[in-house]
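To start, the structure under review is shown below, and the notes come after it.
Residue numbers begin at 1 in each chain, while the letters A, B, ... track the order of the sequences. Basis for what follows: all heavy atoms, side chains included, without hydrogens, waters or symmetry-related copies.
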2 protein chains.
Amino acid sequence: MVVDPAPAQAAADAPVTSQIVALVSAGVATSRADLARELGVAPSTVSARVTELIDAGVLDEGGAGESRGGRRPRLLRLRPEGGHVLAADLGGTHARIAVMSLTGRLEAVREVPVEIAAGPETALAAVLAEGADLATPFAPASALRGLAVGLPGPVDVETGRVESPARMPGWNGFPVREWLAERAGVPVLVDNDVNLMALGEHFSYPRRVQHSVTVKAGSGIGSGLIASGRLHRGATGAAGDITHSRVSAAGEIPCSCGKLGCLETIASGAAIVRQLRDRGVDVSTTADVVRRAGDAEPEATTLVREAGRHLGEVLCTVVNFVNPDAVFLGGALSTLEPFVASVRSQLYEGCHPLVTKNLVITRATTGPEAGVIGAGRLVVQHVLADPGAYLLRG
Amino acid sequence: MVVDPAPAQAAADAPVTSQIVALVSAGVATSRADLARELGVAPSTVSARVTELIDAGVLDEGGAGESRGGRRPRLLRLRPEGGHVLAADLGGTHARIAVMSLTGRLEAVREVPVEIAAGPETALAAVLAEGADLATPFAPASALRGLAVGLPGPVDVETGRVESPARMPGWNGFPVREWLAERAGVPVLVDNDVNLMALGEHFSYPRRVQHSVTVKAGSGIGSGLIASGRLHRGATGAAGDITHSRVSAAGEIPCSCGKLGCLETIASGAAIVRQLRDRGVDVSTTADVVRRAGDAEPEATTLVREAGRHLGEVLCTVVNFVNPDAVFLGGALSTLEPFVASVRSQLYEGCHPLVTKNLVITRATTGPEAGVIGAGRLVVQHVLADPGAYLLRG
DNA sequence: CGAGGTTCCTTCGCGATCGAACAAAGTTGA
DNA sequence: TCAACTTTGTTCGATCGCGAAGGAACCTCG
């Protein structure tokens, strides 16, 4: 599967050099003047950096563009033979693995069964093997430059370790980055899956967005906040937790966290599975639920719609408080129109008009690839941040 | 009333020059080496800026400090005769007005009755008159350098105008900054009262804080978020709204916003007044409630405690989502221990342990002056940001 | 067709900050 | 008492970004 590069904005205060690469790779800017306008940076600065990037072999000058009433621009483009990165998004039972070129283009995606409960070494080895296989077609022509992995639990980004995750037995404290870097021999980034999705969505959205809230509603429920263009991780890296917010209708179902009435006990995919089974419906995974609701089976659809309402209820408080430009809904449940519709309905009903006035509420624009796209973008940006190092390896 | 300057941190990415002034004025740093350590900035940079500031007459070098095992530091201090600013915090029926020296010291505070419903010109004129009176003792020796005003409604900070406020008849669209600047002849800053309080609390707190949530619980309920050291205003400037979050126990009381079950219909000072009157208790203002609860009258205390519980319920969702370092509780209700206790209790019970682990939950450390202190700090920082201009007026 | 306006890009000087090296002024310990 | 170490502060390039000025290329209109 191949998707075209989506327009993207660069992170607000990254070094100009890497912002330039990001904008050119995304196709947003095609000339020096474009870049200066888009970045709000002095033309002289752009010129200097672009010259550097061309010297370093990252950018290329291709012919002249159309005039807009004056001198014709000299078009810029990324040199396509730059290389590629691997991006992986691990879920509970599956991993999505992708090859992304340094131009930001998603070249290939594959979903493979990976049991995260099998422990870090087994799971990560599988990711590496599948990644290597997936990258084979690109291999000799284009070198591997970096690797990013999203994990469904809290990650200490500095150390690249997992921190007391809820449903990842054997992973606690495991040095994921170190382990991968030793074996892959390239820069490795590790982060929470929802954070990566939030980054992907925020910067993939075609309109300028400053603040966004991204929700991943699958078997579990997670969310990520981007404020002023930067990911908000919180004091202890635990920001974005909405799954343990209390919902009135949740009743007295005990949650894994030890409390009663958490959102995840009635609105998560796992909760819907449980509820359907209680009613004698034969389902065992969130994918089953999605399939049945997609076929408009009344019981599944009703529960999905209710889940959306409950999520919306919690999101009202969050959205009122944060006042974002956009809410992105990702994860398996968000592929269902009834789910999205009821979240929307709750938000419009429960939020202050000043807040919903220009609010965008949309399903993840990059679909199920949101996670790997965010991961890929992040590591591409990381790799391109230093064009000197880039040249060295070329 | 005079309070000592509290230790303060400077806003994360203000110009180094004004950060230096802020740290020195707060007493956090007393030497160049101190400043370099505290700001994480190269010693050469500090040296250059400090030299400038001394030349400009803002800072002063006073003798040598104690050695810490090496060369003795050359102590820095603000030149005390620099000038002062006026800070005002307008509530529904009262305004708190303060004189702050450019060293960050609160020199005088006064509370005066000002009916905000009397319209902008009447109210602001009263503020100016009282401010001038309050500043008289400082007048000829020390010039007025700036003015900051906090208003209990949404403010467009860029234009200094009020935007469709809920309980401020006649203020909609009024150019507060312009009006004041014309009459005072000094730089004027206008902002929302809770935002100013949040800034004051965040940077007054003696420990290093990155992210904080500040709640003002008085007749109404407002809150402010500071993320990564910067005030989060949201997409439409409406961030921090928690008052219209739905609370299960609120029942079907209609709110001014047109919905049912909003937090403010049961947890605000106004709501407690209403509830007490329904029970035949003779109260008419939030101050009455605070007095009665302070005297441990059972009915008032019970309602206050319940209000705290409801506020805590909403804050749980917010705190889980934002994962701040600190929650500051301000406003009249927060002076009551039962109120603070029940907010705390709710947060510890309802939030994820990873979130409450190092969480500070405390009543506003600057007490009822939180608003004017934040306002004063902000405008002092603004005035000192350009030491050249400062000198010009000296 | 050529003058004037528009758009694109570069040159040059300026200011802020960094980092490394160094100078100055203490303390400590044999 | 003197050498070694610590802490404090300065000097000196180098880098990054800005802004003004100007040159280059192109359009448009009389």
Side-chain angles (χ1 to χ4, degrees), chain A residues 10-24 28-56 58-77 384-389, chain B residues 10-24 28-56 58-77 384-389:
Chain A
D13 54 352
V16 172
T17 304
S18 81
Q19 289 192 63
I20 288 178
V21 176
L23 288 186
V24 171
V28 173
T30 59
S31 70
R32 293 165 175 80
D34 256 15
L35 285 165
R37 270 191 301 269
E38 202 68 29
L39 294 176
V41 124
S44 50
T45 307
V46 172
S47 235
R49 298 298 144 252
V50 166
T51 309
E52 252 181 46
L53 285 166
I54 291 179
D55 287 350
V58 179
L59 291 185
D60 219 1
E61 229 166 23
E66 281 309 291
S67 165
R68 300 200 305 171
R71 174 174 171 176
R72 279 155 61 188
R74 282 148 72 185
L75 298 183
L76 299 172
R77 60 178 186 209
L384 292 182
D386 182 359
Chain B
D13 53 352
V16 170
T17 304
S18 81
Q19 289 192 63
I20 288 178
V21 177
L23 288 186
V24 171
V28 172
T30 59
S31 70
R32 294 164 176 80
D34 255 14
L35 285 165
R37 270 192 301 270
E38 202 67 28
L39 294 175
V41 124
S44 49
T45 307
V46 172
S47 234
R49 298 299 142 251
V50 166
T51 309
E52 251 181 46
L53 286 166
I54 291 178
D55 287 349
V58 179
L59 290 185
D60 218 0
E61 229 166 21
E66 282 309 290
S67 166
R68 301 200 305 171
R71 172 174 171 175
R72 279 155 61 189
R74 283 147 71 185
L75 297 184
L76 298 172
R77 59 177 187 210
L384 292 183
D386 183 358

Out of curiosity, [X] [atom1] to [Y] [atom2], how far, rounded to the nearest 0.5 Å?
| X | Y | atom1 | atom2 | value |
| --- | --- | --- | --- | --- |
| Leu39(A) | Leu23(A) | CG | CG | 5.0 Å |
| Thr17(B) | Arg49(B) | OG1 | CZ | 5.5 Å |
| Ser31(B) | Arg71(B) | OG | CZ | 10.5 Å |
| Leu76(B) | Leu53(B) | CG | CG | 9.5 Å |

Using whole Å, report how far CG of Leu75(B) lies from P of dG26(C). 13 Å
Which whole-number value in Å describes the distance from Leu39(A) CG to dC9(C) P? 14 Å
Would you kindly check whether a donor in the side chain of Arg71(B) faces an acceptor in the base of dT8(D), or vice versa, at under 3.5 angstrom? yes
Choosing from [options], which nucleotide comes nearest the side chain of [X]?
| X | options | result |
| --- | --- | --- |
| Arg74(B) | dT17(C), dC18(D), dG9(D) | dG9(D) |
| Arg72(B) | dC16(D), dG26(C), dC18(D) | dG26(C) |
| Ser67(A) | dC26(D), dT8(D), dC18(D) | dC26(D) |
| Ala33(A) | dG19(C), dC9(C), dG9(D) | dC9(C) |
| Pro73(B) | dC18(D), dT8(D), dC9(C) | dT8(D) |
| Ser44(B) | dT8(D), dT11(D), dC18(D) | dT11(D) |
| Arg49(A) | dC9(C), dG17(D), dG19(C) | dG17(D) |

Could you check whether Val41(A) gets within reach of a base, just the sugar-phosphate, or nothing at all, counting any heavy atom under 4.0 Å? sugar-phosphate
Sugar-phosphate only, base, or nothing, as touched by Ser31(A) at under 4.0 Å among non-hydrogen atoms: sugar-phosphate
With respect to the phosphate group of dT8(D), does any side-chain polar atom (N or O) of Arg37(B) fall under 4.0 Å of OP1 or OP2? yes
Please determine if a side-chain N or O atom of Thr45(B) lies less than 4.0 Å away from the OP1 or OP2 oxygen of dA16(C). no
Examine distances only and state if a side-chain atom of Arg72(A) and a backbone atom of Gly65(A) form a donor-acceptor pair shorter than 3.5 Å. yes
Would you mind telling me which residue lines up with the more 5' stretch of DNA chain C, Arg68(A) or Pro43(B), judged by nearest nucleotide? Arg68(A)
